[in-house]
Peer 1: 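Below you'll find the structure I mean.
The basis for the numbers below is simple: all heavy atoms, side chains too, and nothing from hydrogens, waters or symmetry mates.
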Amino acid sequence: MITEETSFLVRSFFFVVFGMAISIGDVLNWQVLLLSFAFLVILYLIRFVIFRTVVGKDIFPEVFIAPRGLISILLFFDIPEEFKVHEIESGILGIAILVTSLVMGWALAQWRNRMQVGTEE
């Protein structure tokens, strides 16, 4: 139980620090929105192709479970200063984390609903 609580505390700390590093203006920038959308489309397209090739026909909800979270934040903070693009970088990561979390939650809720309907028949 101590390990679980400590893990939750560490994750929460990194998300709070990342939230403080993001500017709302970065998230509302059209370039950030466009790049985030392109990144997410490519991410889900690659996952779809890989899952369809490897697994076959039943790839729901796995294709939508593509969380970006703590490891992305840790990698973001580890980028050397000379490689950073300060105008758009944090907004893209913030949108990617938010959207992948929402899509993953939606897919898992849909899967759960399908499983409950399937067991009632």
Peer 1: Nearest 0.5 Å please: distance from the CG atom of Leu98 over to the CG atom of Leu102.
Peer 2: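 So the gap between those two atoms works out to 4.5 Å.
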Peer 1: Find out whether Leu43 and Thr100 are in side-chain contact, i.e. whether some heavy atom of one side chain is under 4.5 Å from a heavy atom of the other.
Peer 2: yes
Peer 1: Please give me the minimum heavy-atom distance between Gly91 and Ser36, naming the atom from each residue.
Peer 2: O-OG, 4.3 Å
Peer 1: Shared ILVMFWY cluster between Leu93 and Leu40, side chains joined below 4.5 angstrom?
Peer 2: yes
Peer 1: Can you name the closest pair of heavy atoms from Ile59 and Phe51 and give their distance?
Peer 2: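 The pair with the smallest heavy-atom distance is CG2-O, 3.5 Å.
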Peer 1: So if you build clusters from Ile, Leu, Val, Met, Phe, Trp, Tyr with side-chain heavy-atom gaps below 4.5 Å, do Phe60 and Met104 land together?
Peer 2: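 They do not share one cluster, since no chain of ILVMFWY contacts under 4.5 Å joins Phe60 to Met104.
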Peer 1: Give me the atom names and distance for the closest heavy-atom approach of Arg47 to Glu62.
Peer 2: NH2-O, 2.8 Å
Peer 1: Would a single hydrophobic cluster contain both Phe39 and Leu35, if residues Ile, Leu, Val, Met, Phe, Trp and Tyr are joined by side-chain heavy-atom contacts under 4.5 Å?
Peer 2: yes
Peer 1: Who are the ring pair (Phe, Tyr, Trp, His ring centres under 6.0 Å) partners of Trp111, not counting sequence neighbours?
Peer 2: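 Trp111: no ring pair (Phe, Tyr, Trp, His ring centres under 6.0 Å) contacts found.
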Peer 1: Taking the side chain from Ser7 and the backbone from Thr3, do they hold a donor-acceptor pair closer than 3.5 Å?
Peer 2: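 No, because the side chain of Ser7 does not come within donor-acceptor range (under 3.5 Å) of the backbone of Thr3.
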Peer 1: In terms of hydrophobic clustering (I, L, V, M, F, W, Y; side-chain heavy atoms under 4.5 Å; direct or indirect links), are Leu33 and Tyr44 co-clustered?
Peer 2: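 Yes, it is one cluster - the side chains of Leu33 and Tyr44 are joined through contacts under 4.5 Å.
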Peer 1: Any chance you could measure Thr53, atom OG1, to Ile50, atom CD1, to the nearest 0.5 Å?
Peer 2: 8.0 Å
Peer 1: For Phe37, I'd like to know if atom CZ has over 12 heavy atoms of other residues, nucleotides or ligands within 6.0 Å.
Peer 2: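 Counting other residues, nucleotides and ligands, CZ of Phe37 stays at 12 neighbours or fewer.
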Peer 1: Provide the closest heavy-atom pair for Arg52 versus Lys57 in the form atom of the first, atom of the second, distance.
Peer 2: NH1-CA, 3.2 Å
Peer 1: Restricting to non-hydrogen atoms, name the atom on Val32 and the atom on Ile92 that form the minimum distance, rounded to 0.1 Å.
Peer 2: CG1-N, 3.5 Å
Peer 1: Decide whether Leu45 and Val99 are clustered together by the hydrophobic rule: side chain heavy atoms of Ile, Leu, Val, Met, Phe, Trp, Tyr closer than 4.5 Å, transitively.
Peer 2: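 Hydrophobic grouping puts Leu45 apart from Val99.
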Peer 1: Determine the interplanar angle of the Trp106 and Phe64 rings, folded into 0 to 90°, and report it as parallel if under 30°, tilted if 30 to 60°, perpendicular if over 60°.
Peer 2: perpendicular
